[in-house]
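In what follows, a structure is listed as structure tokens, so that the remarks can point back to it.
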Amino acid sequence: MSKNIFIALGVLFTLTGCLTIEENYTFKKNGSGSMEYVVDMSELGEMIKGLDALSEDKDKPKDDLGMLDLKDNLEKLSSIPGISKVKLKKEEWVQRISFRFNDLSALNSALNVLLPDSSGEAHRFFAWEGNTLVRTNNRHAQELGAGLGQQEEALEGEEGGDLNMGALLSMMKYKYHFVFANNVDSTEVAEGLSNTATKPREVNVDTDWGIIARDPKALDLRITLHK
């Protein structure tokens, strides 16, 4: 994504709305399940369509989202053993990629496709410790947020004026939603986050890139299920 696109995105985020990324999971008793990964830029609406006028890549289609575009992940996900039913649904500025997984090994392989970081190393996102599901993260979310943060100096003096990067990052949300076959006994999350689920077998957690930028472990969590 070009420098001008980053600048325009920064201006539009502060004026009109935010980016929201969601990870939605369903876990069955046998360890299999399904996952949906959502990139939602719908709050930018029609304004973001004008970004192609600022782009240095004139041949790109208007809805080319660069590093946020999920279409290149379809073939990679489909080739992973234990991953099936891979689908991509694109609405206007909302992308939903979904798949089924046989076990955590397959799920972790899929997440390494969806959530790579600059290390280039495979990360074990999920693990079971007894009846506790443990989620740890690489630096994907931090680096994605930093993609805008690195443009702070370029943004200053642009037509949009000085942009508060803390406010910008706080408008970019990251959400988890889990559904389990058993009731949830407890959920451990980073300071400042909470589980807002109202059903005994669900977990809902959300945060923003302001928190993620300050705490590398903001997206880590532990979910203990009832035996």
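Residues take their numbers from the sequence shown, with the count starting at 1.
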message: Would Y174 and D208 count as a side-chain contact (heavy atoms from CB on, under 4.5 Å) here? Give the steps.
response: CA-CA 6 Å; Y174 208 111; D208 61 62; over 6 Å; no
- Message: Is it the case that the side chain of E22 and the backbone of H177 share a donor-acceptor pair, with hydrogens and angles ignored and the cut-off at 3.5 Å?
- Response: no
Before giving the answer on side-chain contact (heavy atoms from CB on, under 4.5 Å), spell out for R96 and K87 the whole-Å C-alpha distance, their side-chain angles and the decisive distance to 0.1 Å. CA-CA 8 Å; R96 302 175 184 272; K87 299 178 181 179; over 6 Å; no
The reported gap from CD in E202 to CD1 in I223 (rounded to nearest 0.5 angstrom) is 11.5 Å
Self-check item: Donor-acceptor pair, side chain of Q95 and main chain of L70, under 3.5 angstrom
Solution: yes
Sequence neighbours excluded, the answer for side-chain hydrogen bond (donor to acceptor under 3.5 Å, both in side chains) partners of R214 is none
Tightest non-hydrogen contact, residues L111 and M35, listed as CD2-CE, 3.8 Å
Of all heavy-atom pairs linking H226 and N182, the shortest is O-ND2, 3.5 Å
Exercise for review: Following the transitive rule for hydrophobic clusters with a side-chain heavy-atom cut-off under 4.5 Å over Ile, Leu, Val, Met, Phe, Trp and Tyr, establish whether F99 and L74 coincide in one cluster.
Suggested key: yes
Exercise for the section: Please check if the side chain of H140 supplies one atom and the backbone of P116 the other of a donor-acceptor pair under 3.5 Å. Expected result: yes
Are S194 and T196 close enough that some pair of their side-chain heavy atoms sits under 4.5 Å apart?
yes
Derivation of the side-chain contact (heavy atoms from CB on, under 4.5 Å) call for T207 and I212: CA-CA 8 Å; T207 186; I212 294 169; 4.1 Å; yes
Exercise. List the steps, then state whether side-chain contact (heavy atoms from CB on, under 4.5 Å) holds for V179 with F27.
Key: CA-CA 6 Å; V179 178; F27 284 90; over 6 Å; no
With V39 as partner, the option from I97, V94, T20, L19 fulfilling side-chain contact (heavy atoms from CB on, under 4.5 Å) is L19
Taken to the nearest 0.5 Å, the spacing of K173 NZ from D40 CG works out to 13.0 Å
Which word best sums up how the rings of F180 and F178 line up, parallel for under 30°, tilted for 30 to 60°, or perpendicular for over 60°?
parallel
| field | same_hphob_cluster(L193, L219) at 4.5 Å side-chain heavy-atom cutoff | value | yes
In short, Q142 meets A213 closest at the heavy-atom pair NE2-O, 3.6 Å
Just by distance, do the side chain of S32 and the backbone of K28 share a donor-acceptor pair under 3.5 Å? no
I'd like to know if the side chain of S119 and the backbone of E121 have a donor-acceptor N/O pair within less than 3.5 Å. yes
- Query: Do L88 and L115 sit in the same hydrophobic cluster, where Ile, Leu, Val, Met, Phe, Trp and Tyr count as joined when their side-chain heavy atoms come under 4.5 Å apart?
  - Reply: yes
Output for pair (I80 CD1, L107 CG), nearest 0.5 Å, gives 9.5 Å
In residues 124-136, what donor-acceptor pairs under 3.5 Å come from side-chain atoms, sequence neighbours left out?
| residue | atom | partner | partner atom | Å |
| --- | --- | --- | --- | --- |
| E129 | OE1 | R222 | NH1 | 3.2 |
| E129 | OE1 | R222 | NH2 | 3.0 |
| N131 | ND2 | L225 | O | 2.3 |
| T132 | OG1 | T224 | OG1 | 2.9 |
| R135 | NE | N137 | OD1 | 3.2 |
| R135 | NH1 | E23 | OE1 | 2.7 |
| R135 | NH1 | Y25 | OH | 3.2 |
| R135 | NH2 | E23 | OE1 | 3.3 |
| R135 | NH2 | E23 | OE2 | 3.2 |
| R135 | NH2 | N137 | OD1 | 2.8 |
| T136 | OG1 | H123 | NE2 | 3.1 |
| T136 | OG1 | R124 | O | 3.2 |

Are the side chain of W209 and the backbone of A141 linked by a donor-acceptor contact shorter than 3.5 Å? yes
Nearest heavy-atom contact between L77 and I83 is O-CG2, 3.5 Å
In terms of heavy-atom contacts, N112 and N108 come closest through ND2-O, 2.9 Å
All heavy atoms of F101 vs all of A106, minimum pair found to be CB-CB, 4.4 Å
ask   = Where the side chain of N195 meets the backbone of N204, is there a donor-acceptor pair that is under 3.5 Å apart?
value = yes
Test of understanding: clusters of I, L, V, M, F, W, Y form through side-chain heavy atoms closer than 4.5 Å, transitively. Do L114 and V38 belong to the same one? no
dist S118:OG -> E143:CD (nearest 0.5 Å) comes out at 3.5 Å
Check this for me, if you would: do K217 and D215 make a salt bridge, where the nitrogen-to-carboxylate-oxygen distance has to be below 4.0 angstrom?
no
Q | Heavy atoms of other groups near E191 CD, more than 12 under 6.0 Å | A | no
